2 protein chains.
Amino acid sequence: MTQAQATPARATRAQASRPRNAARRAELVAVASRLFRERGYHGVGMRAIAEAADIQAASLYHHFASKEELLLESIYVVDRDLVVDQLPILEGEGTYRERLERLVRGHVGHIGANRDAWWVAGRELRALSPGKLDEVQVYRRRYQHGLGDFLAAGTAAGEFACEDPRLSALAVLDMINGPNEWWEPGGRLAIDELATRYAALALRLVGGDPEGTAPGPGQARKRRSSAR
Amino acid sequence: MTQAQATPARATRAQASRPRNAARRAELVAVASRLFRERGYHGVGMRAIAEAADIQAASLYHHFASKEELLLESIYVVDRDLVVDQLPILEGEGTYRERLERLVRGHVGHIGANRDAWWVAGRELRALSPGKLDEVQVYRRRYQHGLGDFLAAGTAAGEFACEDPRLSALAVLDMINGPNEWWEPGGRLAIDELATRYAALALRLVGGDPEGTAPGPGQARKRRSSAR
DNA sequence: GTCTATATTACGATAGAC
DNA sequence: GTCTATCGTAATATAGAC
């Protein structure tokens with residue numbers, strides 16, 4: 001639920017540490033994510049990460065080959081989940097509208113539940129070496145193209161009205177990634193509430209909400225009273 | 001146009017350098033912005049900035065008191081323009097729909113014309129000290145609230161259909177800030193083309209495009225052929 | 001698996017000559 | 001306005017004991 005990796009679940013045996021202690025790694029990644037978020041990747045030293053984890057800097061090198069490996073693990077918490085958990089929603093059950101709503105709610109909810117990792121994934125990509133950067137971007141493109149194909153299919157089916165589904169996918173992603181920049185717990189909207197409302201707005205954006213439109217120019221509106 | 005500040009325009013006289021040479025400052029800020037964008041604020045040293053500007057590191061301190069001052073100037077190129085040039089569009093002439101389209105086109109166009117500064121303004125805020133950070137956020141909130149009030153007025157006038165104008169303002173800003181993350185020259189869409197299309201999509205998002213909606217569920221579409 | 005100690009390099013910033 | 005030289009600090013990473 002938080003940003004721990006899935007633990008392999010074997011090795012509940014004795015013998016202690018054969019798979020290089022994945023749980024400990026995940027703990028340390030979570031600590032590093034938090035600091036990367038607060039001060040930026042280059043703004044945090046290995047000494048600071050170690051201090052926050054209550055060990056010495058040198059001990060980190062027992063678990064990770066480099067500082068960059070800590071960064072890569074942080075980022076994968078986000079991009080792996082999007083492709084593994086979110087993308088299949090689009091192939092699942094329900095109308096196109098229902099599936100899009102479910103995707104957006106899950107996406108925004110994931111931001112709220114993994115704030116440190118999202119912040120890092122959104123801002124520190126360039127700190128990766130070219131090879132590792134490519135690996136991450138493969139995931140991103142898969143998510144983006146999956147959504148584009150889905151919007152094209154939904155338009156062909158008459159549920160959406162996207163003239164350029166590829167561009168609409170970018171616009172939707174731009175919008176639903178936005179809360180990563182500004183949402184924080186304790187604000188006006190809880191993350192579930194925000195997720196639901198953004199899902200409705202995304203539906204409008206792709207032309208899938210026949211009720212969310214004002215009448216023609218110059219007429220009075222016939223919808224409900226202006227909230228706020 | 002580019003990310004140079006407005007030059008004071010006095011001192012075309014003799015005497016050379018009384019107003020601390022604003023043009024030279026702007027040059028150096030542009031160089032710094034480019035490097036901050038490429039490698040991140042903490043990933044770039046004063047020596048690297050100096051080398052790119054073809055002077056020595058110590059010489060930078062003749063123009064700027066600190067590295068942070070270079071960062072602040074980079075960020076202001078964006079936030080000052082938004083409030084000074086963009087916000088007045090909403091108070092200008094035309095229908096609400098026309099004004100929103102103009103704002104979005106100008107906003108996306110500004111991203112395309114000031115890529116380095118936008119990148120830095122979007123990602124390196126946290127590197128500012130708390131006092132300077134507050135100054136920048138005053139600009140940001142003014143832009144955001146200005147758009148929210150405008151959407152509320154446009155809804156009351158019957159041109160938009162925003163149930164929660166404050167949230168719609170965030171959604172629109174999230175969307176139109178998005179190209180800062182992915183647009184680059186030479187891609188599928190020129191920045192003007194992108195700006196026009198995002199303006200149309202923003203209109204949908206606020207319920208201001210009566211033609212951009214698919215019919216009810218289960219029916220065949222009656223709009224133009226599915227592009228691609 | 002964590003420690004102490006350290007090698008090496010780079011950092012932001014300053015002093016003072018020209 | 002730019003230079004050379006340098007101060008003091010902190011960076012990533014390694015060696016080797018326990």
Side-chain angles (χ1 to χ4, degrees), chain A residues 7-8 11 13-33 35-36 38-74 120 124 126-129 132, chain B residues 7-8 11 13-33 35-36 38-74 120 124 126-129 132:
Chain A
T7 42
R13 290 280 187 81
Q15 264 293 17
S17 61
R18 193 50 54 90
R20 265 292 179 60
N21 207 341
R24 181 71 172 133
R25 268 176 76 95
E27 275 177 35
L28 296 171
V29 167
V31 168
S33 295
L35 292 178
F36 291 159
E38 286 169 2
R39 296 192 245 149
Y41 177 72
H42 290 297
V44 177
M46 292 296 265
R47 285 169 177 78
I49 298 169
E51 190 185 13
D54 239 322
I55 57 176
Q56 292 298 311
S59 304
L60 286 171
Y61 288 89
H62 177 77
H63 301 275
F64 302 92
S66 66
K67 189 186 173 191
E68 188 190 11
E69 197 172 305
L70 275 163
L71 175 62
L72 187 64
E73 291 285 329
S74 302
V120 175
E124 301 290 2
R126 88 197 125 187
L128 290 173
S129 58
K132 298 298 178 187
Chain B
T7 42
R13 289 280 187 81
Q15 265 292 16
S17 62
R18 193 49 55 90
R20 267 292 180 60
N21 205 341
R24 182 70 173 134
R25 267 177 75 95
E27 275 176 35
L28 296 172
V29 166
V31 168
S33 294
L35 293 177
F36 291 159
E38 287 169 2
R39 298 194 244 149
Y41 177 72
H42 290 296
V44 177
M46 292 296 267
R47 284 167 177 81
I49 298 169
E51 188 186 13
D54 239 323
I55 56 176
Q56 292 298 311
S59 305
L60 285 171
Y61 288 90
H62 177 76
H63 302 275
F64 303 93
S66 66
K67 189 187 173 191
E68 189 190 10
E69 197 172 305
L70 276 164
L71 175 61
L72 187 64
E73 290 286 328
S74 302
V120 175
E124 301 291 3
R126 87 197 125 187
L128 290 173
S129 58
K132 299 298 178 186

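A, B, ... follow the sequence lines: proteins, then strands. Residue 1 opens every chain. Scope of the values below: all heavy atoms of this structure, side chains included, with no hydrogens, waters or symmetry mates. Here the structure is a predicted model, which is why all the values come from computation and not from measurement.
A straight line from CG of A:Leu60 to C1' of D:dT14 spans 14 Å, rounded to a whole angstrom. Between the C1' atom of D:dA10 and the NZ atom of B:Lys67 lies a distance of 13 Å, rounded to the nearest Å. Atom P of nucleotide D:dC18 and atom NE2 of A:His62 are separated by 19 Å, given to the nearest angstrom. Atom-to-atom, OH of B:Tyr61 to P of C:dA15 comes out at 13 Å; the value is rounded to the nearest Å. One atom, CD1 of B:Ile49, and another, C1' of C:dG12, lie 11 Å apart when rounded to the nearest Å. For B:Phe64 and C:dT14, the CZ to P distance is 15 Å, given to the nearest whole Å. If you take CG of A:Leu35 and P of D:dA11, they are 12 Å apart, rounded to a whole angstrom. As rounded to whole Å, 17 Å separates atom P of D:dG1 from atom CD of B:Gln56.
The phosphate of D:dC3 (OP1 or OP2) has a side-chain N or O of B:Ser59 nearer than 4.0 angstrom. A close approach under 4.0 Å does occur between a side-chain nitrogen or oxygen of B:Arg24 and OP1 or OP2 of D:dT2. Residue B:His63 places at least one side-chain N or O closer than 4.0 Å to OP1 or OP2 of D:dT2.
Of all nucleotides listed (C:dA13, D:dG1, D:dT4), D:dG1 comes nearest to the side chain of B:Asn21.
A salt bridge links B:Glu73 to B:Arg25: at least one charged side-chain nitrogen sits closer than 4.0 Å to a carboxylate oxygen. With respect to B:Glu124 and A:Arg126, a salt bridge is recorded, a charged nitrogen being found less than 4.0 Å from a carboxylate O.
A donor-acceptor contact under 3.5 Å links the side chain of B:Arg47 to the base of C:dG12.
The two residues B:Ser66 and B:Tyr61 have their closest heavy-atom pair at CA-CE2, 4.2 Å. Across all non-hydrogen atoms, the minimal contact from A:Ala32 to A:Leu70 is CB-CD2, 3.9 Å.
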